[in-house]
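Below is one structure, written out as structure tokens; the observations come after it.
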Amino acid sequence: MSESPVRVRMAPSPTGPFHIGSARTALFNYLFAKRYQGKFIVRIEDTDLERSKPEWEENIKESLNWLGLNYDEGPDKAGEFGPYRQSERKAIYKKYLARLIETKQAYYCFCSAEELEAHRQYLVSQGLPQVYSEKCQSLSPVEAEKKRAEGERCVIRFRAPKKDVAFEDLLRGKIKYDTATFGDMVIAKDLETPLYNLACVIDDFEMKISHILRGEEHLSNTPKQILLAWALGIQPPQFLHLPLILNQQRAKLSKRDPSIAAKVSDYKEQGYLPEAVVNFIALLGWNPGDDREFFSLSELVNEFSIERLQTSGAVFNVQKLDWLNGFYIRKMPLAELTNRCVPFLIQSGLIAPLWGKAEAAPLVYSSDFTVLEYEAVETKEKYKFSDLARMIALYQERLKKLIEISELIDLFFQKELNYPTELLVWKKMERGELSPVLNQLETLLLRIQEGDWIKEKLEKAIMVEAEKIGDRGRLLWPLRVALSGKTASAGPFEIAEVLGRRKTIQRIKEAQKKL
RNA sequence: GGCCCUAUCGUCUAUUGGUUAGGACGCUGCCCUUUCAAGGCGGAAAGCGGGGUUCGACUCCCCGUAGGGCCA
């Protein structure tokens, strides 16, 4: 690596929700910084004032925070190279822009949109690169000033030297562009309003950025930025262009992609764990070189190396993310899992925190839900955190996303189950045989006293009878359905244990009533 | 339209000139099992095409082709 300290940055525009592709870029920047004892900086590129909104900046910070990608310097984390919002850096840009004009490396251009379009059409018809005609290059400073004073609309263009720009991409090797193919580009609307490429070059220099790790979509910006850096007498940083994350159609993931969720906040709301998301996106474009699949953020920091980065785009495979998420859910301590499920239970309207503060807001993972007591919205029955944990435990290995927890354990909070009577009928059974089976179950259950109401004793008592019948399903299936009301659920004994004696027997009676 | 990037199972990937081309997700068969999961053991499934270089190319080079990105 280079001798100067490693400083990398993530430079999102707050013009929309934080994107999963940006999250991965942020992750690789973070890993690179931590791996080489450097700094990770967040810079908000809010030069587009109409589209930039504080709420989107908030969304960016929240998303990074949720993923655990803590930055060392940023808009809300002062460092010595601030401010970290482009809208607050106009004076800096003005200085550089004035210098470019003074040295005649930039000039005012007064060409109209129609004029530019006509010239472009001509070039297209000739099969030539579509570049600016350079018409306004010949304007003297005096003429330009006069036009400006008269209020003529103008932009500032960069006088691009005609030569090849070659640079070494850390991932792709030598990349060469002929500047004649992009011509004199617009670099600013006026002295205080630089466009993306210029602002970027100035900020990266001022913030002492050593390496730029960004998406491949910026590859063609790089020669332009290098040219600008040279014009300003700046040594450009090192570049690395990451491959893109692709949708099912193999196109770049867009903000409104129907096939997969694009927003990081969507993943949070659907009940993906940040550790699963981080693990998953790390593996989109990077691999450890062996067969390992599971990595925590800190393990990634230790393992990460740019040599193992991929050069081609990666299709986002939700099924694999779901699998990973399930894996992380399964190995999570129960108390923590419960704590993370509670917001979803509240949100779905199943339970409400009782004497807790209303701020126990849904989807705030960092809240401590263990201290609250809850009330089932339908039955008004009270539940402690540990009661919820017992229910969730039954479904820990079945959960793929936290949001699914409500429809799995709703049976514990409902007054009466609503299921078709037919569901009670075991596949190797006639409907008419159901009544004696339910009676038998009731008798068996009534024999078990409150003090013995645990999974093991319940199982023992009922399995003895089930074995006698030979076909266990004749007892077990109707029992499970009577207790859960579902085609699929946890086992009948575990449910009965958590449900308690009174409710279990009550549900058997309800099933009998249905016949 | 111009410029640039990329190319191994459906998907994520290993392979850095010599492998029966390995793993994971998904799919699928069996086992376990009251259901659904989880778990265990199997299976199907890949080097874009054509030229070189080389004793030998998935691997290096060139040309196509395809996909993608940026600009317009």
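Here is the naming used below: chain letters follow the sequence lines, and residue numbers restart at 1 for every chain. Note that these values count all heavy atoms, side chains included, but never hydrogens, waters or copies made by symmetry.
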[N] [atom2] sits how many Å from [X] [atom1], rounded?
X        : N      : atom1 : atom2 : result
A:Lys174 : B:rC4  : NZ    : P     : 14 Å
A:Gln319 : B:rC9  : CD    : P     : 17 Å
A:Leu399 : B:rC36 : CG    : C1'   : 12 Å
A:Tyr122 : B:rG1  : OH    : P     : 19 Å

Atom pairs, N/O to N/O, protein against nucleotides 13-15 of chain B, distance under 3.5 Å?
residue: B:rU13; atom: OP1; partner: A:Gly285; partner atom: N; Å: 2.8
residue: B:rU13; atom: O3'; partner: A:Asn287; partner atom: ND2; Å: 2.9
residue: B:rA14; atom: OP1; partner: A:Asn287; partner atom: ND2; Å: 2.8
residue: B:rA14; atom: OP1; partner: A:Gln310; partner atom: OE1; Å: 3.4
residue: B:rA14; atom: OP2; partner: A:Gln310; partner atom: NE2; Å: 3.4
residue: B:rA14; atom: O3'; partner: A:Arg308; partner atom: NH2; Å: 3.4
residue: B:rU15; atom: OP1; partner: A:Arg308; partner atom: NH2; Å: 3.2

Here's a test for you: under ring-ring contact (aromatic ring centres under 6.0 Å, His included), which of A:Tyr328, A:Phe294, A:Phe316 qualifies with A:Phe280?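 Checked A:Tyr328, A:Phe294, A:Phe316 against A:Phe280; only one passes ring-ring contact (aromatic ring centres under 6.0 Å, His included): A:Phe316.
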Provide the full list of salt bridge (charged side-chain N to carboxylate O under 4.0 Å, His left out) pairs with a residue in residues 478-490 of chain A, sequence neighbours left out, each pair given once.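 Matches after skipping sequence neighbours: A:Asp410-A:Lys486.
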Going by the angle between their ring planes, with limits at 30° and 60°, are A:Trp477 and A:Trp426 parallel, tilted or perpendicular?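 Taking A:Trp426 first and then A:Trp477, their aromatic rings sit tilted (interplane angle of 30° to 60°).
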With the threshold set at under 4.0 Å for non-hydrogen atoms, list the residues of residues 465-486 of chain A touching RNA chain B in residue-number order.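 Output list: A:Arg472, A:Gly473, A:Leu476, A:Trp477, A:Arg480.
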Nearest heavy atom decides the nucleotide; on that basis, is A:Lys427 or A:Lys176 closer to the 5' end of RNA chain B?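 Of the two residues, A:Lys176 wins.
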Using a heavy-atom cut-off of under 4.0 Å over every strand shown, decide if A:Arg172 touches base, sugar-phosphate, or nothing.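 Contact class for A:Arg172: sugar-phosphate only.
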Give me, pair by pair, the N or O atoms of the protein and of nucleotides 66-70 of chain B that are less than 3.5 Å apart, along with how far apart they are.
residue: B:rG69; atom: OP1; partner: A:Lys252; partner atom: N; Å: 3.2
residue: B:rC70; atom: OP1; partner: A:Lys252; partner atom: NZ; Å: 2.7
residue: B:rC70; atom: O2'; partner: A:Ser220; partner atom: OG; Å: 2.7

Base B:rG1 paired with A:Gln130 side chain (donor-acceptor, <3.5 Å):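 Such a pair exists between side chain and base.
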Salt-bridge criterion met for A:Glu416 and A:Lys514 (N-O under 4.0 Å):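 Here A:Glu416 does not pair with A:Lys514 in a salt bridge, since their nearest N and O are not under 4.0 Å apart.
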Base versus backbone protein contacts along nucleotides 38-45 of chain B [heavy-atom cut-off under 4.0 Å; B, S, -]: SS------
By ring pair (Phe, Tyr, Trp, His ring centres under 6.0 Å), which residues pair with A:Phe205, not counting sequence neighbours?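 None.
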